[in-house]
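Quick note: numbers below take in every heavy atom, side chains included, and nothing from hydrogens, waters or symmetry partners. Keep in mind it's a predicted model, so treat the numbers as computed, not measured. Below, chains carry the letters A, B, ... as their sequence lines are ordered, and counting in each starts from 1.
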There are 2 protein chains.
Amino acid sequence: MSLTLAPDGQSPASDEAVPRLSLTVAAQPLTQQIANHIRDQIIHDGLKPGERIREQPISEQLRVSRTPIREALQILATERLVDILPNRGALVANPGVEDLRGMLKVYSMLDGLGGELACLSAQPVQVAEVERQYNLLQVAFEAKDRSAYFQANQAFHLGIVAGSGNPTLVEIHGQLNLRLYRTRYLAVMQIKDWTSAAYQHADILKAFLDRDGPLLNRLLQAHLGFAWRQAEGVVETPALASA
Amino acid sequence: MSLTLAPDGQSPASDEAVPRLSLTVAAQPLTQQIANHIRDQIIHDGLKPGERIREQPISEQLRVSRTPIREALQILATERLVDILPNRGALVANPGVEDLRGMLKVYSMLDGLGGELACLSAQPVQVAEVERQYNLLQVAFEAKDRSAYFQANQAFHLGIVAGSGNPTLVEIHGQLNLRLYRTRYLAVMQIKDWTSAAYQHADILKAFLDRDGPLLNRLLQAHLGFAWRQAEGVVETPALASA
DNA sequence: CGCCTGCGTATTGTCGACAATATGGAAAAT
DNA sequence: ATTTTCCATATTGTCGACAATACGCAGGCG
């Protein structure tokens, strides 16, 4: 879960135990680690929409100077997960219902396109992974484990898009997915009737296995539109709106 | 064109001539200005794909410390216009033909969706703007002014998408457009037969004015696919590939 | 009584310096 | 002659300090 960030964590006498071979996987840049850290907190609702993100507290918690933190915030701002107000700091992005509706429109289109392309070019190992996630989905559903259900649901859909073999599509789809992540998570955890949407996955999987691209495209878009209509009521949490 | 960046450019005695009223448009953050500066150079081919971007020369040219430059590079890396190799600097992104093909697939899908939505919710002023750009397009075409043609073509397509009223769509579409900008520009400037694609704009405009969403969607996607097939030959410039 | 002004403080923005890492080439070894 | 090692140099990465800006509140003014 949480990153082991502090660079002063000295493994005893490990200076020679871990020589700087080029074979060794290079540690991720500090800026990226920090961006990942903050991003995780945002999508998992540790940092609430509209909440102020101050640099100094993060600097102290992670034992890092403000410089890489500011670089990380620029990344997250470009991903539209935070808003940076010049000279007034960074806020967790707080999209309104209308914004979320617009994002979902684009997202479902990309999701459908991903499915359609995946029917053409998904590798067997990718198909198998999607099937595996479908089974996990069913297990979680029958166990009424919403958290596991959400996780498998994520992996199921992302797995299909990955099958498209289109890196740009995967990237943009994934970025929009992050923007919608928190809302979708809260929706899945809260809505009363989560049975209907769950059953749609069987048809989706079948279309995928049949490699029926156009059908899968339609099913995915309809599925997301349906899930959204169920979630819409939950969204009405204006979060922090002061003054 | 080029930014007036140097903060030492003292307009004589303008300290009181431009008081810091809240009505005054706040100057764009330095980081953004630098990002815009580098972005412009990339898409206009001043910085070539694969070329190294060193921080110090930029720092000297713009009379700015490296800190905001690094922040700008993080932004551009998130936009996939540059690649940052940890400890080894930033390069101008250099997508291969396969990458470009994948981007264009997503781009045309978004373009088509934008057109379809625009048929539903474009404001009269937006429709008028698209018509205006269409006329500029025709003028430039008849004058064989490829540069003006490209510019009007850009504004024409972006104008349609803007009519969708979906900020997320506009943003993602615009970002992909930037990634493809240089290639499209070089293609328009180089291809021999640029008459065929030009004529398609008449049908596109008509479908838009008729508010025929599905038709416009199909026309736009076909249009981009066509333009791409014409451009494909031009793309074969592997740029810098040393060692 | 409410609003405007001015100042102290908190926070962001920028900088120069130093540390860490990679690069290229000369010298040495095979 | 070729490869390897080692070092000087160039470049990126991180930091602490300072500058610039915004915020909140006390005091004064209409």
Side-chain angles (χ1 to χ4, degrees), chain A residues 3 5-10 14-15 18-38 51-77 82-92 240 242-243, chain B residues 3 5-10 15 18-35 37-38 51-77 82-92 240 242-243:
Chain A
L3 301 175
L5 245 178
D8 51 325
Q10 298 145 329
S14 65
D15 285 341
V18 183
R20 271 66 176 172
L21 297 178
S22 48
L23 298 175
T24 309
V25 281
Q28 215 180 8
L30 195 48
T31 298
Q32 293 298 330
Q33 293 185 49
I34 298 171
N36 293 341
H37 179 76
I38 301 176
E51 184 175 346
R52 182 89 176 267
I53 304 178
R54 291 190 195 76
E55 296 164 4
Q56 205 174 58
I58 300 177
S59 167
E60 289 164 6
Q61 286 172 21
L62 303 185
R63 312 283 216 68
V64 166
S65 86
R66 285 170 49 226
T67 306
I69 296 175
R70 290 179 55 81
E71 291 178 0
L73 287 174
Q74 296 290 346
I75 292 174
L76 296 171
V82 316
D83 294 330
I84 294 183
L85 311 182
N87 285 317
R88 313 205 323 152
L91 308 181
V92 177
L240 318 186
S242 53
Chain B
L3 299 175
L5 244 177
D8 51 324
Q10 298 145 330
D15 286 340
V18 185
R20 271 65 177 172
L21 298 178
S22 48
L23 299 175
T24 309
V25 282
Q28 215 180 9
L30 195 49
T31 298
Q32 292 299 328
Q33 293 185 49
I34 298 171
H37 178 77
I38 302 176
E51 183 175 345
R52 183 89 175 268
I53 303 178
R54 291 191 195 76
E55 296 165 5
Q56 207 174 59
I58 300 176
S59 167
E60 289 164 7
Q61 287 172 20
L62 302 185
R63 312 285 215 67
V64 166
S65 87
R66 285 172 47 226
T67 307
I69 296 175
R70 290 178 56 80
E71 291 178 359
L73 288 174
Q74 296 291 345
I75 291 173
L76 296 170
V82 316
D83 294 331
I84 293 182
L85 312 182
N87 286 317
R88 310 205 316 144
L91 308 180
V92 178
L240 320 185
S242 53

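With rounding to whole Å, A:Gln28 atom CD is found 12 Å from D:dT14 atom P. Rounded to whole Å, atom P of C:dA17 lies 18 Å from atom CZ of B:Arg70. Put simply, CZ on B:Arg66 is 12 Å from C1' on C:dA20, counting in whole angstrom units. Here the P atom of nucleotide C:dC15 and the CG atom of B:Leu30 are 6 Å apart, to the nearest Å. Rounding to whole angstrom units, CG of residue A:Asn87 and C1' of D:dC23 are separated by 12 Å. Put simply, CG on A:Leu85 is 17 Å from P on D:dT21, counting in whole angstrom units. Atom CG in B:Leu73 sits roughly 13 Å away from atom C1' in D:dT11 (whole-Å rounding). In this entry the distance linking CD1 of B:Ile69 with P of C:dG16 reads 11 Å, nearest Å.
Residue A:Ser65 places no side-chain N or O under 4.0 Å from the OP1 or OP2 atom of D:dT14.
Residues that satisfy the side-chain contact (heavy atoms from CB on, under 4.5 Å) test with B:Leu91, not counting sequence neighbours, are B:Arg52, B:Leu85. Qualifying side chain to side chain donor-acceptor pair (under 3.5 Å) partners for A:Arg88, counting only residues two or more places apart in sequence or in other chains: none.
Among the nucleotides C:dT12, D:dT11, D:dG16, the one closest to the side chain of A:Thr67 is D:dG16.
In this structure, A:Ile38 CD1 and A:Ile58 CD1 are separated by 4.0 Å, a value rounded to the nearest 0.5 Å.
Between A:Arg66 and A:Arg54, every side-chain heavy-atom pair lies at or beyond the 4.5 Å cut-off.
Closest-nucleotide positions on DNA chain D for A:Glu71 and A:Arg88 were compared, and the one nearer the 5' end corresponds to A:Glu71.
Across all strands shown, A:Ile53 has heavy atoms under 4.0 Å from sugar-phosphate atoms exclusively, and none from any base.
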